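Note that the coordinates shown come from a computational prediction; the quantities given were computed from them, not determined experimentally. When a ligand or atom number is given, it counts from 1 through the structure's own listing order. All residue numbers refer to positions in the sequence shown, counting from 1.
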Amino acid sequence: MAPTPLMDYRGVASRSYSCAQVVEEALTRAKASDDLNAFVEIFDTSARAQAARVDAQLAEGKTLPLAGMVVAIKDNLCYKGHRVTAGSKILSGFESLFSATAVERLINAGAVILGRTNCDEFAMGSSSETSFYGPVKNPLDTTKVPGGSSGGSAAVVAAGLCHVALGSDTGGSIRQPAAFTGIVGMKPTYGRISRHGLIAYASSFDQIGPFTHSLEDAALVTQIMAGSDGFDSTCSSRPAPALRAAAPTEKKKFGFFRPTLEHPGLDPEIKEGLLRLFDALRSEGHTVDALDFPYLDQLVPLYYILTTAEASANLARFDGVRFGHRTAEPVDNLEDLMKGSRSEGFGIEVQRRILLGTFVLSSGYYDAYFGKAQKARRVIRDHALDLLQTYDGLLSPTSPHTAFALGRKETDPTVMYLEDVFTVHANITGFPALSLPGGLHSNGLPYGIHITTGPWEEEALFALSATVQNTLKGITA
Ligand code: GLN
C-alpha cells in the first residue's frame, strides 16, 4: 500500500505552516520507520536549526525556491560536520570537512537535510544489501529489496519520510531503485551536476540525481543542483537550463531497442505494459519505432571492466592511514597496516571489484580488457548519438522485473550484475535518463519506464517524460 505523503513543502512558502512543523513531522515519521533500515543517521539537530533558519528567512521576505523541502542524502555525499561512510566500515567515524556542491545548493535554496541514507557499500550493488549497516527493506513490501545502490534514498521517499532524496547513479543506482519503489528517479547528463563531495566509485560514470514523487520536483531540484563548479573540472560550464515537466503539444519520435523487449529475462507483464504504452503513444500521433541494437550483450561486461578499473584506482586512497578504519592487529610495517585495514574495512563485493579492476588494468591485460572496453564505449556512444539525431528519445523498461526478495541474488555476483542491463547504456554514453512509474504488476509491485535523450537535453527528457506520463494515465484510467 502506498504510504501517505508528507505535508506539501509548498505550504511553507505560502506560509500555511512553518518549515519547523514540516521537519518535526518528517523526523517523527523517520524515527517510526526504523524497520526499513533506510536511514543510517538522522540529523535531528542540524535539521531543526536549518528549519528555523528557513522560517526566519521567509519572515524577512526572502524567496527560497525549495523552502520547506525535506531532503535525505545518500551516505556517499559529503555534508560538512556530518558523518559519511559510503556504507562501509572503512570510513567508520569519518566526518565530512566540506559539503558536496549539490547538497550546498539545495540548502541555499531552502531545503532541509534530514539524514543520510543506507546504500550498497561504495555504491556497488543493485539491491542495497552489501552495506556495512545491513540490508534496506522496500517500504512497499518489506520482504523485498528496494533496489540499489541508492536503495535507502528510494525507500525514504517512497515511504513518505522525505519529499526528495539524492542518490548517485553509476550504472542505474537511481533509476532501478526508483522503479522498484514506484517513484521518479533521474540521472542527469554526465557533467551536468558537480561531483564535488560525492565519494567516487567510477569517476567517468558517476552522476548525482534526485528521487522524487513527481516529475515537477525532479525538474526543480535538478535545475538547482546543475551548473558549473570550480571544484569539479568535469562539470560543464553550460548554463543550467530552466527545467519544467510540461508535455509539449507537438508529436514526438520515440525509438526502442528491439533486443530489450526480446530479452529472455524480461518479465512478460512488463513487456506487455510497454507494448501497450507504445500503441497508446502511436494512437496519439507519436512515432514509436523498433531499432536494431547489436550491442546489448556487450553493455554489462564493458561496464564492469571500466567501472572496476576506475574503482580500483579511486579506492586506493582508503589505506588505514589517512581516513577511517585502521586495523588494531599488531603490524610492523606500513604494507601490513594497509593490508590489514583494507581487508577488515572493505566488504567482499568491494574487494572483488578492486581485484577485478586491478586485473583489467595490469600491464599484460590492459590492451585486451581496459583499452578494448574504452574503444567499445566510444562505438556505443557514437551509435546512440547518431540515432538521437533522428529520434527525440529512447524507451525501455528500467529493470527486467519488479523488486526481488531480500537475499535472493546476493550470493551470485554475475546474476546481480545483469540487473543493470537496461540502465548502464545511459552511463556508458553519459546521456540523461529517467525512470517513471510505469504501472503495477499483478504481483502488486510497480515497474518503471525508462526514457533517455541526447546529452544536455534534460529539458527534452522532462518534456518527453511528461508526454509518457500523460499517455500512461490514459491507459490505466
Ligand atoms: N548496480 C551497478 C553496480 O553495482 C550500478 C551501481 C550504481 O549505479 N552505483 O555497479
Could you tell me the residue and atom name of the protein heavy atom closest to [atom], and the distance to it rounded to 0.1 Å?
atom	answer
atom 1 (N) of ligand 1	Ser126 OG, 2.8 Å
atom 2 (C) of ligand 1	Asp420 OD2, 3.1 Å
atom 3 (C) of ligand 1	Tyr304 OH, 3.3 Å
atom 7 (C) of ligand 1	Ser173 OG, 2.4 Å

For this session: Apply side-chain contact (heavy atoms from CB on, under 4.5 Å) to the pair Glu216 and Leu220, showing each step before the final yes or no.
Result: CA-CA 6 Å; Glu216 289 75 15; Leu220 178 63; over 6 Å; no
Exercise. What do the steps show when you test Lys74 against Ser149 for side-chain hydrogen bond (donor to acceptor under 3.5 Å, both in side chains), and what is the final call?
Worked result: CA-CA 9 Å; Lys74 186 175 179 177; Ser149 63; 2.8 Å; yes
Min heavy-atom dist [X] to ligand 1 below 4.0 Å:
X	answer
Met124	yes
Met416	no
Thr307	no

For this session: List the steps and the verdict of ring-ring contact (aromatic ring centres under 6.0 Å, His included) for Phe318 and Phe122.
Result: CA-CA 12 Å; Phe318 303 105; Phe122 282 99; 5.1 Å; yes
Closer than 4.0 Å to some heavy atom of [X] - which atoms of ligand 1 meet that?
X	answer
Asp169	8 (O)
Gly125	1 (N), 2 (C), 3 (C), 4 (O), 6 (C)
Tyr303	2 (C), 3 (C), 5 (C), 6 (C), 10 (O)
Gly172	8 (O)
Ala123	6 (C), 7 (C), 9 (N)
Tyr201	3 (C), 9 (N), 10 (O)

Exercise. Tell me, which pairs form a side chain to side chain donor-acceptor pair (under 3.5 Å) where one or both residues lie in residues 342-367, sequence neighbours left out?
Worked result: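 Pairs touching residues 342-367 that pass the test: Tyr201-Arg353, His325-Glu344, Thr327-Glu344, Glu349-Arg352, Glu349-Arg353, Glu349-Tyr417.
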Exercise. Between Arg353 and ligand 1, does any nitrogen or oxygen pair lie at a separation below 3.5 Å?
Worked result: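 Between Arg353 and ligand 1, an N or O pair is found under 3.5 Å apart.
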Exercise. For the residue pair Phe256 and Phe254, is the inter-centroid distance of their aromatic rings smaller than 6.0 Å?
Worked result: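 Distance test on ring centres: not under 6.0 Å, no.
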Exercise. Taking it one step at a time, do Arg322 and Asp319 satisfy salt bridge (Lys or Arg N to Asp or Glu O under 4.0 Å)?
Worked result: CA-CA 7 Å; Arg322 288 170 291 182; Asp319 53 12; 3.1 Å; yes
For this session: Could you check if a side-chain atom of Phe180 sits within less than 4.5 angstrom of a side-chain atom of Ser399, using non-hydrogen atoms only?
Result: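 Yes, close enough: below the 4.5 Å cut-off.
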Exercise. What orientation do Phe94 and Phe323 show, parallel under 30°, tilted 30 to 60°, or perpendicular over 60°?
Worked result: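 Ring orientation of Phe94 relative to Phe323: perpendicular.
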For this session: With side-chain contact (heavy atoms from CB on, under 4.5 Å) as the test, would you mind laying out the steps for Phe462 and Ile451 before giving the verdict?
Result: CA-CA 9 Å; Phe462 280 109; Ile451 308 164; over 6 Å; no
For this session: Pick one of side chain, backbone, both or neither for how Glu349 approaches ligand 1, counting any non-hydrogen atom pair under 4.0 Å.
Result: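 Under 4.0 Å from ligand 1, Glu349 contributes no heavy atoms.
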For this session: Flag yes if more than 12 heavy atoms outside Asp35 fall under 6.0 Å of its CG atom; otherwise flag no.
Result: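 Count over threshold, so yes.
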